[in-house]
Amino acid sequence: MNIPFLDNWRKRQGGTQGHALASAVEADPGGVAELLAECELLRSRAGRQGLELDDTPASLAALDQLQPRWRDDPEELPWLGNDAGLYLGTVLVRTVPGAAWDVWPSGQPVVRLESGREIDVVAAGLDWAMSGSPELSQVYAESAEN
């Protein structure tokens, strides 16, 4: 994941991207959560199809119902999948008690549930964008019940 302000910070600190994002999550979890919630490409594509993403579980179900027009553009597909995963994570963090962003040593943002379970939301978003399965609403429901 390329976050420019973290790249600059990393250069000054001499750390890796994973370390920089992990440090940013520790220092300013709210700020990082807002940054991860932007999902600009996904919000734009959903808006073009008349869907406003409001960071609720219902919006995940609505996303699952959209025509997958992004599959026609292989260059855009991974970016949209990444955004879908970050959006899924945003909905989890904002609606599931105890859910919070965390970062694996590789720099991959994940959602850690109160139980300690980690959800690789980016991988789920990429799977959804590429094949439509599992549905984002299904991943949310399974995660929210734990």
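A heavy-atom distance below 4.5 Å is found between the side chains of Leu86 and Trp101. Using a 4.5 Å heavy-atom threshold, the side chains of Tyr87 and Leu63 count as touching. Using a 4.5 Å heavy-atom threshold, the side chains of Leu60 and Leu88 count as touching. A 4.5 Å side-chain heavy-atom check between Thr95 and Pro57 finds at least one atom pair inside the cut-off.
Residue pairs meeting the salt bridge (charged side-chain N to carboxylate O under 4.0 Å, His left out) criterion with at least one partner in residues 78-92, sequence neighbours excluded, do not occur; the list is empty. The ring-ring contact (aromatic ring centres under 6.0 Å, His included) analysis of residues 25-65, with sequence neighbours excluded, yields no pairs. Under the salt bridge (charged side-chain N to carboxylate O under 4.0 Å, His left out) criterion, the residue pairs touching residues 39-58 are Arg43-Asp55, Arg45-Glu76, Asp55-Arg94, with sequence neighbours excluded.
Every residue two or more places apart in sequence or in another chain was checked for a side-chain hydrogen bond (donor to acceptor under 3.5 Å, both in side chains) with Gln49, and none qualifies. When the side-chain contact (heavy atoms from CB on, under 4.5 Å) test is applied to Ala62, the partners found at least two apart in sequence or on another chain are Leu51.
Nearest heavy-atom pair across Thr90 and Ala37 is OG1-CA, 3.3 Å. Here the closest non-hydrogen pair linking Ala99 and Val111 is CB-CG1, 4.0 Å. Pairing each heavy atom of Ser143 with each of Leu92, the nearest pair is CB-CD2, 3.7 Å.
Rounded to the nearest 0.5 Å, atoms CD (Glu135) and CD (Glu142) are 10.5 Å apart. Atom CZ in Arg69 sits 13.0 Å away from atom CG in Leu80 (nearest 0.5 Å).
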With a cut-off of 3.5 Å and sequence neighbours excluded, list every side-chain donor-acceptor pair involving residues 118-131.
from	atom 1	to	atom 2	distance (Å)
Glu118	OE1	Trp104	NE1	2.8
Glu118	OE2	Arg112	NH2	2.6
Asp120	OD1	Gln108	NE2	2.9
Asp120	OD1	Ala123	N	3.2
Trp128	NE1	Asp64	OD1	3.0
Ser131	OG	Asp127	O	3.0
Ser131	OG	Ser133	N	3.3
Ser131	OG	Ser133	O	3.1

